Amino acid sequence: MSFIPGIGLVRGMGLTLRRFFQPKATIRWPEEKADVAPKFRGRLQLLYDEFGTLKCETCFQCAQACPIECIDMGGMDTKGRFHVHWGPPETYGERREESALRRSGRPVADPAYARFETLDPAAVDEILEAHDYDPRDLLAILEETQAAYGYLPVAALKHISRVTGAWYATIYGAATSYRHLRFEPPAIASAAPAGEGQREQEAGYRSALDAALGYGSERPG
Amino acid sequence: MTTPSRAWGNLTLTGKVVIPLLFLVLVVGPILTILVATVVGPWLMDVLNSNLGIVRFVVAIGGVLLFSIPAAFIIIYMELKVIAFMNLRIGPDRVGPKGALHSLVAGLKVLTKEDFTPTGADPIVFTWAPVLVFLTSVMVLLVVPFGPGLVGQDLNVGLLYLFAVGGMSVVGLLLAGWSSFNKYSLLGGLRAAAQVVSYEIPLTLSVVGLILLAGTMSLNQIAEAQAGWFTDWFVFRQPLGALIFFIAAIAEANRTPFDMAEADSEIVAGFATEYSGMRFGFLFFAEYVNVFIISALLTTFFFGAWNAPIDINAVLEAFGLAPIAVALDPASLGIGLPILIVVVPVVLTLVFAAPFYLARSSTPAWQALLLGFMLFNVVAIGTLFLLAYIGWPWLAGLVWFFLKSFAFVYVFVWMRGTFPRVRIDQLMGFAWKWLLPASLLNLFVTAAAIIIVKS
């Protein structure tokens, strides 16, 4: 096929002709707006100024605001001359330590979440004990935690993170990707979690899958 | 202060514009009309009649010159839009409906830009090179038959003239490149010279077989020789010639993938590097006029020129029908004509509005009337166009000629959107090692076939 002279030309022309009739990707801003998720904040990137130095002021505001702690601040001073910081220096020092701790991958106590730390973790501890503190059972742990508290308190998630060693970001991510897990108490106490009917269906699928794979009632850990 | 000047001072700005205009129309206009009709007109007609050849030439070149500008605008817009579509963009869309006036505004922008002559450039040559380039393009258009009888000058050496004048454009490019006092420009000019001179040979040889077949070098007669069904087009008798002409014509017009002369990624813009303002506009215009020219020539030589692909009269005859002929003489209706002009639109509007009004009781009368009026307009314009198409062969020819030509313009734009630029040595090697032998083969085979058929 490929040694017919001119076949490449014809195929190229065919490609462009197909493109000609395809729907166009252009968004005619400002008449049309792109359909983005409300929590979309653009691409996170550190910018450099015209002298090649980082524009970041090490204010840690982004790190503090980040809901899943994915922003990790590092470095003492980005200008290399003196510390540029808004706020009292002792806070800066704390934040620096905090940042270093965060970079280490361990969970860090964050004063920004202090108002959530009013939780009796006994129920969570019980659940975790039952699961042998194994973060691979994360979904089951989260479901049981929700059953115990009615929702998933942030303090409980942080406690799970601290005790099992799993990253908070991982736990938060897992919890947000399931529709039946929620982070706030339901407005109506008796309301069923979202997708409740679906859960039964999924349980049906799971038991069918277990049967097909030859597992009994006990599932391998 | 005299009265007229005081009256003038009392006028508003609008009045100062409108009053002189009214004066021109009401006083100067009639006087001029009477003067032209009685004294100047007959004298002028005498002069024009006694110099009919010159008048015809001036009108033809004026028409071609005027035609080349909108044609170039349309092709520029088409190129922007088509390549954008192939890139999954939508292209220009701000000026005019769907951006249709974009190239017009771009042309105005070019007019208002500074026209700069660099230090060290040869000012006379630098100024006149774009004129030469543009002029050759327009002069080539002079012999192109746009329709039956619609040809600027029906030269009996039309083909020869075509290649002689078309080859002159490279002189303009070389002058532009040399006079710019810039190494990129010079390189571009030299590339243009080498390329155009090389491709001129297969280009000319590819149509020699066609001259043998048609027995003439007049473009008009070549067009007439292809009348009838589309199987009579020369592309079916000279397929190799058509292919060679297609390739060589692209190279002649410096189009992608053979745009070595102005390869903007290699030598900035070639011969056009130092040009700005309307002088650059001329070079740019000439390029797009050239695109139209090669499309028009391809149509004229190989794709039936202005002939329709289907011989409608032959089809009618096969079904036992008389050929359609329209001989409308509106003047024969006498006083009936103005009455008809008043009555027919109203009646037809009502007739077309009736079904909309009757079909749904919720349709208001004014909406139904509006719809009926629009429908009447569509039908009337369609009927008029159909009558004109049947009654005027030159209009039918013009429609087919432009349809075919712009189909080829689309192909050239399509190729520009697809192919990368070829390397210069491959370009030259292709011309000398492949196109030239192929065109010679085409010529010999055609000549042999004619001898065999005739003997």
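The model shown is predicted, which means the values in this text are computed figures rather than measured ones. In the text below, chain A, chain B and the rest are named by the order of the sequence lines, each starting its count at 1.
- Across every non-hydrogen atom of B/Arg89 and A/Lys24, the tightest pair is O-CD, 3.0 Å.
- B/Trp414 contributes no side-chain N or O that, together with a main-chain N or O of A/Thr16, makes up a donor-acceptor pair within less than 3.5 Å.
- Neither the backbone nor the side chain of A/Leu15 has a heavy atom closer than 4.5 Å to any heavy atom of chain B.
- A distance of 7.5 Å separates CE in B/Met86 from CE in A/Met13, rounded to the nearest 0.5 Å.
- Proximity of A/Arg28 to B/Arg94: side-chain heavy atoms (C-beta onward) are separated by under 4.5 Å at one or more points.
- In this structure, the side chains of A/Arg19 and B/Asn87 stay at 4.5 Å or more apart for every pair of heavy atoms.
- The aromatic rings of B/Phe85 and A/Phe20 lie tilted to each other, with the angle between the two planes from 30° to 60°.
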